[in-house]
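So that the names make sense, note that chain A is the first sequence line, chain B the second, and so on, each numbered from 1.
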Number of protein chains: 2
Amino acid sequence: MPARKKPESPAPRPASGRAATINDIARLSGVSKKTVSRIINHSPLVRKDTREKVEALMREVGYVPDPMARGLAFRRSFLIGMVYDNPTAQYIVNMQYGALDALRDSGFELVVHPCDSRSPGYIDGVRRFVQQQKLHGVMLVPRASEDQALADMLAEIGVRYTRIASVSMDEPSRMVVTHDRNGAAEAAEYLLSLGHTDIALITGPSAYRSAIERTDGFVEALAQRGIELPKARIIEAGYTFESGVVAAEKLLSGKNRPTAIFTGNDEMAAGVYKVALRAGISIPRQLSVVGFDDSPLASRLWPSLTSVRRNTRDTGRIAAAMLIQPEGGAPALAAASIRPHLVIRDSSQPPE
Amino acid sequence: MPARKKPESPAPRPASGRAATINDIARLSGVSKKTVSRIINHSPLVRKDTREKVEALMREVGYVPDPMARGLAFRRSFLIGMVYDNPTAQYIVNMQYGALDALRDSGFELVVHPCDSRSPGYIDGVRRFVQQQKLHGVMLVPRASEDQALADMLAEIGVRYTRIASVSMDEPSRMVVTHDRNGAAEAAEYLLSLGHTDIALITGPSAYRSAIERTDGFVEALAQRGIELPKARIIEAGYTFESGVVAAEKLLSGKNRPTAIFTGNDEMAAGVYKVALRAGISIPRQLSVVGFDDSPLASRLWPSLTSVRRNTRDTGRIAAAMLIQPEGGAPALAAASIRPHLVIRDSSQPPE
DNA sequence: CTGAAAGCGCTTACAG
DNA sequence: CTGAAAGCGCTTACAG
């Protein structure tokens with residue numbers, strides 16, 4: 001017995017109150033639903049006039065294909081996941097804005113998935129998230145992006161992903177590289193150009209690749225100009241305000257103070273401010289401070305903080321755009337890349 | 001002609017490499033797929049032993065229903081949208097964390113949708129987002145949540161939503177009220193208890209309901225103790241750092257300075273800090289400052305800022321939880337509600 | 001309490 | 001370049 005057909009509607013428009021479906025478009029334009037499907041999916045196997053006729057009708061009735069129906073048939077959703085364990089709110093929000101810039105009007109949506117990369121089951125949590133939602137692709141944000149086991153798991157289950165990191169650590173087509181090293185080098189060259197020679201460095205935790213890159217970039221740029229940073233002038237902290245305070249206390253307590261401090265992020269620079277203000281050390285007259293991130297904090301502090309700006313929104317946009325471009329698209333010869341640059345404000349001047 | 005059936009698999013387990021489906025569960029547990037469906041949807045119309053047998057099998061094979069297939073059949077997705085136009089990163093991120101707290105292991109996911117409530121087509125943008133994705137529900141975050149036209153549109157297209165706002169402005173079952181008025185009143189009482197009588201107020205823009213509530217709460221609490229704030233002691237600013245700077249310059253330039261300033265948020269308090277530090281006015285010795293939000297900025301400033309804390313994460317959790325609880329659940333008699341409270345730090349002391 | 005049939009709105013595999 | 005049939009993995013409507 002053949003499947004029962006709904007009675008053919010004589011109306012030229014789909015019943016109001018109900019969104020148009022592929023069947024409405026097919027019936028109203030006099031082609032098969034398969035042809036409509038080809039047009040939805042930009043198949044070249046459609047005659048130009050057929051395509052234009054159908055597309056005009058789609059626009060007229062405001063037809064948009066149902067992502068769940070498409071997803072069910074494709075066995076893949078139209079969702080992009082953003083996986084992150086970074087605690088810096090502005091960084092996360094900027095990354096989201098960037099991703100949404102790329103997804104706007106694409107039919108894809110952004111699903112957020114914060115996680116804790118130190119908790120043991122977190123990779124399984126991401127796996128369930130990706131598999132249950134049949135995600136189209138996943139953006140990996142530092143520091144989660146630096147976890148090779150996470151990337152391996154995603155490759156194994158066959159989902160597309162992009163990794164955002166300070167250096168390349170995967171196939172170019174999966175990388176967005178932020179070149180933190182260059183930003184730190186620019187900070188070093190700037191402090192040297194002001195005439196500083198007794199410089200200190202407060203680094204992020206060495207478990208973060210970004211911290212290593214920023215440290216190396218800074219130290220090497222100084223070395224190239226003949227300045228070797230003594231061990232006592234390099235303090236590893238935790239990327240947090242509190243850890244910046246502790247590190248600054250070490251650097252600023254004795255008489256033998258550096259004339260400039262570069263910190264691995266703005267949070268720790270704020271810690272330096274606290275210690276300096278409390279001790280009556282004037283910024284920038286007695287101490288120049290340069291941070292990294294150019295977070296909102298940098299301009300809220302007084303004096304406003306010279307800092308290395310990262311184009312986080314662009315980074316997010318590129319990482320998402322790579323995920324939704326057709327597989328056969330122009331292959332990225334080199335990894336996508338974003339470069340930081342120094343923003344000079346009021347916390348730095350030549351040493352007195 | 002009957003539809004061709006796939007050959008019955010003799011294997012007791014679904015083919016490996018492929019996730020189990022409702023058909024696998026039905027076949028392996030010897031019930032119909034409709035019964036499995038009832039169990040998935042927590043229907044009471046299933047015998048206890050049947051339910052337990054099937055649930056055990058589901059756990060064993062790690063079966064999770066496909067959200068796209070369910071969504072297609074239900075004509076509604078398992079996505080919760082979060083709509084916001086608030087520029088404060090920490091606030092947004094906390095709201096997201098809270099929403100995800102409620103959605104964890106529920107099968108729902110969070111889709112973010114920032115927007116610009118001043119741009120003309122933004123309500124249509126939200127409508128397309130909600131209708132195309134067939135969202136299960138929408139969380140409205142201030143200031144977007146205060147737009148009655150937005151809420152009306154959502155009601156008209158029949159989607160569930162919750163509104164987060166400083167006062168109730170909708171049916172209780174749709175409101176999460178944050179009582180900003182109470183927090184501001186607590187700040188006023190605190191400053192009075194320290195002995196301040198010459199107090200100034202920097203408010204947010206009166207187009208924001210939160211700004212009105214905070215202002216009224218503060219002014220009324222002072223009035224109840226017999227302190228009337230002169231007009232010149234109240235300055236409307238824009239909730240931004242820069243606007244806080246401008247307002248503080250007016251308040252702190254003459255000789256007739258207030259001994260305490262309350263600001264409608266922490267951003268503007270940072271503006272007060274900048275002006276005071278630049279002018280050599282000591283906080284808290286010569287000027288007490290109290291902010292609102294208890295953002296990360298509050299503890300990064302020096303001296304650390306006394307501020308009214310909002311439980312934004314809890315707010316987000318409740319707003320999301322209301323959207324996914326069954327329609328017939330215990331009706332909320334009163335709107336869900338969250339109360340702010342003052343966190344005392346180093347920016348406030350009795351006047352000298 | 002349980003099940004067989006039809007359908008949600010798309011795409012794939014095949015045929016022409 | 002185009003189309004009819006079957007299927008993606010669920011639920012609804014109906015029957016028992």
Taking [Y]'s backbone N and O only, do any of them form a donor-acceptor pair with [X]'s side chain (distance below 3.5 Å, no angle check)?
X: A/T162; Y: A/A319; value: yes
X: B/D24; Y: B/T21; value: yes
X: B/S37; Y: B/K33; value: no
X: B/R75; Y: B/A73; value: yes
X: A/S145; Y: A/I164; value: yes

Next on the checklist: Taking side-chain contact (heavy atoms from CB on, under 4.5 Å) as the definition, give me every residue that meets it alongside B/R51, ordered by chain and number, with sequence neighbours left out.
Outcome noted: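 Residues passing side-chain contact (heavy atoms from CB on, under 4.5 Å) with B/R51: B/I39, B/V46, B/E55.
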Checklist entry - So what does A/F78 touch, heavy atoms closer than 4.0 Å: a base, only the sugar-phosphate, or nothing? => result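 Result for A/F78 = nothing.
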Rounded off to whole Å, could you give me the [atom1]-to-[atom2] distance for the [X] and [N] pair?
X: B/F74; N: D/dA13; atom1: CZ; atom2: P; result: 11 Å
X: A/R75; N: C/dT12; atom1: CZ; atom2: P; result: 8 Å
X: A/I22; N: C/dG7; atom1: CD1; atom2: P; result: 18 Å
X: A/I40; N: C/dG9; atom1: CD1; atom2: P; result: 13 Å
X: B/Q132; N: C/dC10; atom1: CD; atom2: P; result: 12 Å
X: A/Y63; N: C/dG9; atom1: OH; atom2: C1'; result: 7 Å
X: B/R76; N: D/dT11; atom1: CZ; atom2: P; result: 13 Å

Item to check | Close residues, residues 64-73 of chain A, relative to DNA chain D [heavy-atom separation under 4.0 Å] | outcome: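 When residues 64-73 of chain A is checked for heavy atoms under 4.0 Å from DNA chain D, the hits, listed by number, are A/L72, A/A73.
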Checklist entry - Does A/N23 have a side-chain nitrogen or oxygen under 4.0 Å from the phosphate oxygens OP1 or OP2 of C/dG9? => result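 Negative; the distance criterion is not met.
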Checklist entry - Is there a side-chain polar atom (N or O) of B/S37 under 4.0 Å from OP1 or OP2 of D/dT11? => result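 Answer is yes, contact under 4.0 Å.
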Checklist entry - So what is the 5' to 3' dot-bracket string for DNA chain C, if pairs are Watson-Crick or G-U wobble with both distances under 3.5 Å, crossing pairs use [ ] and | means the partner sits on another strand? => result |||.||||||||.|||
Checklist entry - Does some side-chain heavy atom of B/H113 sit less than 4.5 Å from a side-chain heavy atom of B/V130? => result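 A side-chain contact is absent here, since even the closest heavy-atom pair is not under 4.5 Å.
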Item to check | Listed partners of A/K134 passing salt bridge (charged side-chain N to carboxylate O under 4.0 Å, His left out), at least two apart | outcome: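 Expected list: B/D66.
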Item to check | B/R128: partners by salt bridge (charged side-chain N to carboxylate O under 4.0 Å, His left out), with sequence neighbours left out | outcome: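 Result, salt bridge (charged side-chain N to carboxylate O under 4.0 Å, His left out) vs B/R128: none returned.
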Next on the checklist: Hydrogens and angles aside, do A/S117 and A/D85 bring a side-chain donor and acceptor to less than 3.5 Å of each other?
Outcome noted: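 There is such a pair between these side chains.
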Protein-nucleotides 1-3 of chain C N/O pairs closer than 3.5 Å?
{"from": "C/dT2", "atom 1": "OP1", "to": "B/T50", "atom 2": "OG1", "distance (Å)": "2.7"}
{"from": "C/dT2", "atom 1": "OP2", "to": "B/R47", "atom 2": "N", "distance (Å)": "3.0"}
{"from": "C/dT2", "atom 1": "O4", "to": "B/R38", "atom 2": "NH2", "distance (Å)": "3.2"}
{"from": "C/dG3", "atom 1": "OP2", "to": "B/S32", "atom 2": "N", "distance (Å)": "2.9"}
{"from": "C/dG3", "atom 1": "OP2", "to": "B/S32", "atom 2": "OG", "distance (Å)": "3.0"}
{"from": "C/dG3", "atom 1": "OP2", "to": "B/T35", "atom 2": "OG1", "distance (Å)": "2.8"}
{"from": "C/dG3", "atom 1": "N7", "to": "B/R38", "atom 2": "NH1", "distance (Å)": "3.4"}
{"from": "C/dG3", "atom 1": "O6", "to": "B/R38", "atom 2": "NH2", "distance (Å)": "2.8"}

Checklist entry - Relative to each other, are the rings of A/F108 and A/F78 parallel, tilted or perpendicular (30° and 60° limits)? => result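 Because their plane-to-plane angle lies in the 30° to 60° range, the rings of A/F108 and A/F78 count as tilted.
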